[in-house]
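Beneath this line is the structure, given in structure tokens, with notes to follow.
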Amino acid sequence: MPVTDMEMIAMDKVLRTEYQKSVADYWNAEKNAVNLRLGEVDDLYHHHYGIGDYDPSVLQGPADTREQRMIEEMHRLETAQADVLLDHLGPIKPADHLLDAGSGRGGTSIMANARFGCSVDGVSISEQQVAFASDQAARRKVSDKVRFHFRNMLDTGFATGSRRGIWTNETTMYVDLVELYAEFSRLLEPGGRYVCITGCSNDVKGMRSKAVSKIDEHYTCNIHPRSEYFKAMAANNLVPINVVDLTAATIPYWELRAKSSVTTGIEEAFLTAYKEGSFHYLLIAADRI
């Protein structure tokens, strides 16, 4: 189907730079089994990593079912990660509105609605992700409360003060943090909560390591130093209330993934970066003052 002039204008507004277009192209084309096969376990599709110890028994037992046991266990760990993120949003009421900034295939948005009964808007610059996530919401009959939009998280178009909570789950490495948090500060009501889970380089160690650079190249992203998160939040009226180092908790996920059939070639870089201390996996919860 040809793109109309109106659609082209909208696309130009969402994808404002050549870099954003390249990121959108990457995620529009992405069909990694590590995302799709894990989601097929219970039809809940994530685009993030997992936390927690894996059950070693999944590596035992009949060889012909071992791979499926590993897939199910990795999916359990990634869903556990989303649960931890939602735990840090604070009290959310059914009348509240949340924003999933960089919503992927929609898993965490659907979980948020199921837990809180609230409205959730997800935004992504990948049209394919928006279509996939919207179909998931329709299948679950929650489209009246869970909606996905082809929009840029730096300029969402939603009303000022309209959000009780916002989260980013491994998406901040694609944007300028000061610009991002200015938009989130505008969107959040006073006292609203922002929760971020992200990988960040450890600037105590100096320049980024070779392993972190490999991660950047693999995902077409630009991993920020840890200190930049706190500077950008402070500049935009976001005050951290909780900071949790999840680095040790995510290593088992990567060790299990490295043994599976859904590897993507980046597993060694993640394990090296985490274990050498050049890369951290953080959860930051901050309130809008």
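Worth saying up front: this structure is predicted, and the values here are computed from it rather than measured. Because only heavy atoms are used, hydrogens play no part in the values below, and waters and symmetry mates are left out as well, while side chains stay in.
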#### Entry: Sidechain-backbone polar pair: Asp135 side chain, Ala131 backbone, donor-acceptor under 3.5 Å
no
### Query
Is Arg186 positioned over the aromatic face of Phe158, cation under 6.0 angstrom from the ring centre and no more than 45 degrees off axis?
no
### Task
Identify whether Tyr26 and Ile125 are in the same connected component of the hydrophobic contact network (ILVMFWY, side-chain heavy atoms under 4.5 Å).
yes
### Query
Strictly under 6.0 Å, is that where the ring centroids of Tyr45 and Phe132 end up?
yes
#### Entry: Smallest separation among heavy atoms of Gly90 and Phe116, with atom names
O-CE2, 4.5 Å
### Query
Ignoring hydrogens and geometry, is there a side-chain-to-backbone donor-acceptor pair from Ser134 to Val130 under 3.5 Å?
yes
#### Entry: Flag side-chain contact, heavy atom, 4.5 Å: Val262 against Ile71
yes
#### Entry: Euclidean distance, Tyr281 OH relative to His48 NE2, rounded to 0.5 Å
6.5 Å
### Summary
Rounded to the nearest 0.5 Å, the CG atom of Leu59 sits from the CG atom of Leu256 at a distance of 6.0 Å
#### Entry: Nearest-0.5 Å distance, CZ of residue Arg147 to OG of residue Ser109
12.0 Å
### Task
Measure centre to centre between the rings of His88 and Trp167, then say whether the value is under 6.0 Å.
no
### Query
What's the verdict on side chain to side chain contact (heavy atoms under 4.5 Å, CB included) for Met153 and Glu183, showing C-alpha distance, side-chain angles and the deciding distance?
CA-CA 8 Å; Met153 70 173 79; Glu183 173 69 348; over 6 Å; no
#### Entry: Residue pair Met233, Asn236: steps toward the side chain to side chain contact (heavy atoms under 4.5 Å, CB included) verdict
CA-CA 5 Å; Met233 287 182 189; Asn236 288 286; over 6 Å; no
### Query
How about Glu268: does its CD atom have over 12 heavy atoms from other parts shown lying under 6.0 Å from it?
no
### Message
Is any side-chain heavy atom of Leu187 closer than 4.5 Å to one of Leu99?
### Response
yes
### Message
Could you walk me through whether Arg257 and Ile266 satisfy the side chain to side chain contact (heavy atoms under 4.5 Å, CB included) test, starting with their C-alpha distance in whole Å, then the side-chain angles of each, then the deciding distance to 0.1 Å, before giving a yes or no?
### Response
CA-CA 10 Å; Arg257 176 167 153 173; Ile266 199 60; 4.0 Å; yes
### Task
Verify whether one side chain among His75 and Glu78 offers a donor that lies under 3.5 Å from an acceptor in the other.
yes
### Task
Might you point out which heavy atoms bring Ser126 and Asn28 nearest each other, and give the distance in Å?
OG-OD1, 2.8 Å
### Message
Would the distance check show the side chain of His224 and the main-chain N or O of Tyr174 forming a donor-acceptor pair, the cut-off being under 3.5 Å?
### Response
no
### Candidates Gln129, Gln128, His47 - the one meeting side-chain hydrogen bond (donor to acceptor under 3.5 Å, both in side chains) with Arg105
His47
### Message
Return the CD to CD1 distance between Gln136 and Ile110, rounded to the nearest 0.5 Å.
### Response
5.5 Å
### Thr168 side chain near Met173 side chain, heavy-atom distance below 4.5 Å
no
#### Entry: Check ion pair Glu73-Lys259 (N to O, under 4.0 angstrom)
no
### Query
What is the distance from atom CG of Leu154 to atom CZ of Phe184, rounded to the nearest 0.5 Å?
8.0 Å
### Message
Tell me whether Val239 shares a hydrophobic cluster with Leu188, the cluster being built from Ile, Leu, Val, Met, Phe, Trp, Tyr side chains joined at under 4.5 Å.
### Response
no
### Cys200 vs Tyr229 side-chain heavy atoms within contact, under 4.5 Å
yes
### Query
Between Asn32 (side chain) and Asn35 (backbone), is there a donor-acceptor pair under 3.5 Å?
no
### Message
What I'd like to find out is whether the side chain of Phe150 reaches to under 4.5 Å of the side chain of Leu15, using heavy atoms alone.
### Response
yes
### Query
Going through the checks in order, is the salt bridge (Lys or Arg N to Asp or Glu O under 4.0 Å) test met by Glu72 and Arg37?
CA-CA 9 Å; Glu72 291 173 0; Arg37 284 196 59 194; over 6 Å; no
Contacts table for residues 214-222: side-chain donor-acceptor under 3.5 angstrom, sequence neighbours left out:
from, atom 1, to, atom 2, distance (Å)
Asp216, OD1, Ile223, N, 2.7
Asp216, OD2, Arg208, NH1, 2.5
Tyr219, OH, Tyr49, OH, 3.0

### Query
In a check of salt bridge (Lys or Arg N to Asp or Glu O under 4.0 Å) between Arg163 and each of Asp100, Asp96, Asp121, which one passes?
Asp121
### Task
Measure the spacing between CG of Leu180 and CG of Asp155 and express it to the nearest 0.5 Å.
11.5 Å
### Task
Decide salt bridge (Lys or Arg N to Asp or Glu O under 4.0 Å) for Glu228 and Lys231; before the verdict, give the C-alpha distance in whole Å, the side-chain angles of both, and the deciding distance to 0.1 Å.
CA-CA 5 Å; Glu228 286 190 9; Lys231 291 176 183 176; over 6 Å; no
### Query
Do Val244 and Leu282 come within less than 4.5 Å of each other through their side chains, counting heavy atoms only?
no
### Message
Contact between Arg151 and Lys13 at the side-chain level, heavy atoms closer than 4.5 Å - yes or no?
### Response
no
#### Entry: Side chain Ser103, main chain Val123, donor-acceptor under 3.5 Å
yes
#### Entry: 4.5 Å side-chain heavy-atom contact, Pro240 and Phe230
yes
### Message
Using the rule that Ile, Leu, Val, Met, Phe, Trp and Tyr join whenever any side-chain heavy atoms are under 4.5 Å apart, tell me whether Val243 and Leu238 fall into a single cluster.
### Response
yes
### Message
Determine whether a donor-acceptor pair (N or O, by modelled atom type, separation under 3.5 Å) exists between the side chain of Asp203 and the backbone of Ser227.
### Response
yes
### Summary
Between Ile166 and Leu89 the two heavy atoms that sit nearest each other are O-CD2, 4.2 Å
### Stepwise side chain to side chain contact (heavy atoms under 4.5 Å, CB included) test for His97 and Arg164
CA-CA 6 Å; His97 292 262; Arg164 178 62 193 170; over 6 Å; no
### Message
Whether the side chain of Asn152 engages the backbone of Val14 through a donor-acceptor N/O pair (distance < 3.5 Å, no angle test) should be reported.
### Response
yes
#### Entry: Contact summary for Gly161 and Glu189, nearest pair of heavy atoms
O-CB, 3.8 Å
### Query
Can you name the nearest heavy-atom pair linking Val212 to Ser201, along with the distance?
CG1-CB, 4.4 Å
### Query
Between Glu67 (side chain) and Ser261 (backbone), is there a donor-acceptor pair under 3.5 Å?
yes
### Query
How close do Pro252 and Ala249 get, heavy atom to heavy atom, and via which atoms?
CD-O, 3.5 Å
#### Entry: Arg288 and Ser185: side chain donor to acceptor below 3.5 Å
yes
### Test item: Asn202 side-chain N/O and Gly277 main-chain N/O as donor-acceptor pair under 3.5 Å
yes
### Message
Any side-chain to backbone donor/acceptor pair from Asn113 onto Val120? Under 3.5 Å, distance only.
### Response
no
